[in-house]
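Keep in mind it's a predicted model, so treat the numbers as computed, not measured.
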Amino acid sequence: MTEEAKGISERKADHIELCATGDVGFRAKTTLLEQVELIHDALPELSLDAIDTSVLLLGKRLRVPLLIAAMTGGTERAHAINRELSQIAEERGYGFGLGSQRAMLNGDASASYEVRAHAPTTLLLGNIGAVQARSLPTEAVAELVAQVGADALCVHMNPAMELVQPGGDRDFAGALDAMGRLASGLSVPVVAKETGCGIGPGTAYRLARAGVRDLDVSGSGGTSWVAVEAARAEGAARSLGEALREWGVPTAASVLIARAIRPRFKTIIATGGITSGLDVARALALGAHAAGIARPVLQAFVSGGRDAAVRYLESVEAELRAVMLLVGARDVASLQKAPVLLGRELRRWTRLLKQMKQMKQMKQTERA
């Protein structure tokens, strides 16, 4: 094993342990999903059994608008986690996201990502960093996709995390061009994905202009990957991580932003602090097409094995179905149209969007 491969493997092992047992959540900042109030319908005229939670996402039908979101890869423990959780996704009709496939570039850890035998029909999302994609030919990225049989590729953006990570990237120039190149050059959808710091208006607009049509907002309020890397760092890097621990755009705000951007995104996935069926319902009502859960599933699996993970996911599904009944939403499309009340902090983000739109219109008028 090369020194680089050894370093990546050790980092992946640290990530699993910290996410499963460490204090790596946001402390003050929330997802703002608690500021989305759905309106109760006392006469839903529906049977709970009639609720249809199925969706078409990235070309595949899901039984529930839910993904076990990208977590890990690159170690033996990661292999076992990916195998078990992908089987759960297959059985329950979810999507499944792989962790960063960077370790595969060294050829030492490919098996930990190869879950197709356990999840033959599952919507499977591959994963590579935007910085790594920048230096790889489109054909090489296509090979990474083909090797794991992915239906789509997440290209993740993680500058805050990298700035704190020991030995992390410091040059992020050219990442946007790489994402646009892959969106036009790959045969599978390219999903632009943050890693817990969310997506603001400027980023969303530039991604849309570059031709990216699928988005995973991965907003702040859940796992702070800055905190994860701060726990691994020392000295000045740890201090920087503590200073930036609460950095990011909340998940609910990121979904609102993504929904408002033109040209429109075909797919908006809400990850980042999603822990319950109510969170999923709120995200869908804001405009997301599906939601992703990562750390809570990992924590349930590590603490209680496969059965505990399944029980947790069953509770998420049951809560989602109950909320859909209580707002009178027969299916996900109806839930996406359900009226909502937004709290004060979330309304601040809608005002920002309006201000930016007005500024853009003024600039267009000046150029004319």
Student check: side-chain heavy atoms of [X] and [Y] closer than 4.5 Å:
| X | Y | answer |
| --- | --- | --- |
| Glu319 | Met324 | no |
| Ser224 | Val24 | no |
| Tyr113 | Met104 | yes |

[X], [atom1] atom: more than 12 neighbouring heavy atoms under 6.0 Å:
| X | atom1 | result |
| --- | --- | --- |
| Arg209 | CZ | no |
| Arg330 | CZ | no |
| Arg348 | CZ | no |

Measure across [X] and [Y] and return the closest heavy-atom pair with its distance rounded to 0.1 Å.
| X | Y | answer |
| --- | --- | --- |
| Met157 | Ile199 | CE-CD1, 3.9 Å |
| Leu215 | Val191 | C-CG1, 3.8 Å |
| Ile128 | Gln101 | CD1-C, 4.2 Å |

(message) Would you say Thr275 and Asp279 are linked by a side-chain donor-acceptor pair, where the criterion is simply a distance under 3.5 Å?
(response) yes
(message) Does either side chain, that of Glu246 or that of Ser220, offer a donor lying less than 3.5 Å from an acceptor on the other one?
(response) no
(request) Output yes when a side-chain donor or acceptor of Glu37 lies under 3.5 Å from a complementary backbone atom of Leu341, and no otherwise. (result) no
